[in-house]
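As the structure lists them, so they are numbered: ligands from 1, and atoms in each ligand from 1. Quick caveat: nothing in here was measured; it's all calculated off a predicted structure.
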Amino acid sequence: MSRVLVTGGAGYIGSITTALLLDQGFEVTVLDDCSTGHRDSVPAQARFIEGTILDGEIVRRALEGCDSVIHFAAKSLVGESVEKPDLYRNNNINGSQILFDEMDGAGVTRIVVSSSAATYGDTHEQPILETLKAKPGNPYGETKLAVDNLLTDLAAEENFAAISLRYFNVAGSLKTPTRWLREEHDPETHLIPNLLKATKDSPLKIFGTDWDTPDGTCIRDYVHVHDLADAHIRALNQLIAGRHEIINIGSGTGYSVREVIDTASKVVGYEIPSVNVDRRDGDPAILIASIEKARSTLGWSPMRDLSAMISDTFESKK
Ligand code: UDP
């Protein structure tokens, strides 16, 4: 039996990946400081340690009995990173460095890491290939790129087996036998949960309608969290000592903010109320993934579409 340490396993993507790992027969230890995650999102079968990756002693304890790591624990809001870059550097880069040092000390060298399309920055080259030179446009993306670079060095120098999954836009929810696992951020900044909350009195704010795109709103590539969690487990099974691979995870298709709103209006059966406002700091115009590497390296393809991402999140709130 193999035990995986999931850092950030009380968060949105971490808790759903933990649930699927347990389903597939892995043992799981979750390490989470519950700053943005929720203790009750961690499935009961997982060992849970409340603590931060910034504390080497707690990380050492969490690594006991584990032979691999899936590393989610990070601050992950673009807007917040523009306001508090030092918080992002400390949590994301220093925290990861402490985790990697402790792994090295414990002889645990297999790791799958949550990276981000925010590493690529604003680019006209769409879809984005992993070979594109990364040029992050905000501190969040910079911290994710710095962590990827640390792993490239660890693979070369310490024989780590590492895969960074560069997520595009993640959405959707997972129904487990006991409860729905879904995005529960406070404040919520993401498009799909926000549009489901929109009312006439508090309409969805569309951030910018003057982007260089066909309808003037930003284009993103949305992937279902269940598909994304599957990609982590596939990655875990494909790790190769001395290699660090970077692999995009998206759907390979772009939707504008207006297209997402239109799809959501059809799914929920009423018109989502919206209002046009200024652009949000740090947003690039378009992000669409090339997912050829995910297909060929992981044998992974997205199985669930945008309507499913919206409808199961809508269901989960009933
Ligand atoms: N967006 C929006 N209103 C919202 C939330 C998001 O118009 O309330 C837009 C945002 O500017 C971006 C897209 O929706 O173009 C996706 O944003 P989200 O925050 O979901 O993910 P990100 O792309 O920042 O990772």
Side-chain angles (χ1 to χ4, degrees), residues 11-13 36 72 74-84 88 92 114-123 126-128 134 136-145 165-173 182-225 228 248-265 268 271-289 306 309-310 313-314 317:
Y12 168 46
I13 305 168
T36 52
F72 295 102
K75 296 270 164 209
S76 63
L77 300 176
V78 168
E80 187 184 49
S81 80
V82 176
E83 285 161 26
K84 300 177 188 165
Y88 273 66
N92 296 2
S114 119
S115 184
S116 169
T119 51
Y120 295 117
D122 218 344
T123 170
Q126 306 286 345
I128 296 174
N138 53 61
Y140 168 64
E142 284 164 18
T143 65
K144 288 283 161 174
L145 180 61
L165 297 180
R166 286 200 172 153
Y167 316 161
F168 283 62
N169 286 63
V170 187
S173 305
R182 60 169 188 238
E183 246 179 305
E184 277 171 295
H185 301 122
D186 184 21
E188 186 53 76
T189 63
H190 289 137
L191 179 61
I192 291 175
N194 272 354
L195 63 77
L196 291 173
K197 283 197 312 212
T199 60
K200 278 213 165 63
D201 291 338
S202 175
L204 175 81
K205 292 180 181 148
I206 299 178
F207 295 136
T209 51
D210 56 352
W211 295 93
D212 187 14
T213 60
D215 69 16
T217 64
C218 285
I219 293 176
R220 294 287 182 276
D221 177 328
Y222 296 85
V223 62
H224 197 294
V225 66
L228 175 64
N248 291 339
I249 302 292
S251 66
T253 309
Y255 292 93
S256 73
V257 173
R258 279 203 201 290
E259 286 171 323
V260 176
I261 295 171
D262 290 346
T263 305
S265 296
V268 300
E271 202 60 40
I272 304 281
S274 66
V275 58
N276 300 338
V277 301
D278 284 348
R279 292 180 178 195
R280 181 173 70 175
D281 272 353
D283 269 342
I286 306 179
L287 288 171
I288 303 171
L306 182 62
M309 296 173 219
I310 297 165
T313 299
F314 184 55
K317 290 178 188 287

Short question: side chain of [X], backbone of [Y] - any donor-acceptor pair under 3.5 Å?
X: Asp221; Y: Ser251; value: yes
X: Ser274; Y: Pro203; value: no
X: Ser116; Y: Thr119; value: no
X: Asn92; Y: Lys75; value: yes
X: Arg279; Y: Asp210; value: yes
X: Lys144; Y: Ala117; value: no
X: Tyr88; Y: Leu77; value: yes
X: Asn248; Y: Ile128; value: yes

Identity and separation of the nearest protein heavy atom to [atom]:
atom: atom 15 (O) of ligand 1; value: Cys218 CB, 2.9 Å
atom: atom 20 (O) of ligand 1; value: Leu191 N, 2.8 Å
atom: atom 3 (N) of ligand 1; value: Lys205 O, 2.6 Å
atom: atom 8 (O) of ligand 1; value: Asn194 ND2, 3.2 Å
atom: atom 9 (C) of ligand 1; value: Val257 CG2, 3.8 Å
atom: atom 5 (C) of ligand 1; value: Thr189 O, 3.1 Å

### Message
Using a 4.0 Å cutoff against the non-hydrogen atoms of Ile206, which atoms of ligand 1 qualify?
### Response
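Per the distance check, 7 (O).
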
Notebook entry, point to check: Out of Arg280, His185, Arg220, who gets a non-hydrogen atom closest to atom 24 (O) of ligand 1?
Noted result: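 The nearest heavy atom belongs to Arg280.
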
*asked:* Given Phe207, Tyr255, Phe168, Tyr222, identify the one with the heavy atom nearest to atom 13 (C) of ligand 1.
replied: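 Nearest option to atom 13 (C) of ligand 1, by heavy atoms: Tyr222.
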
Quick one: look at [X] and ligand 1, take heavy-atom pairs under 4.0 Å, and tell me if it's side chain, backbone, both or neither.
X: Leu195; answer: neither
X: Asp283; answer: side chain
X: Asn169; answer: side chain

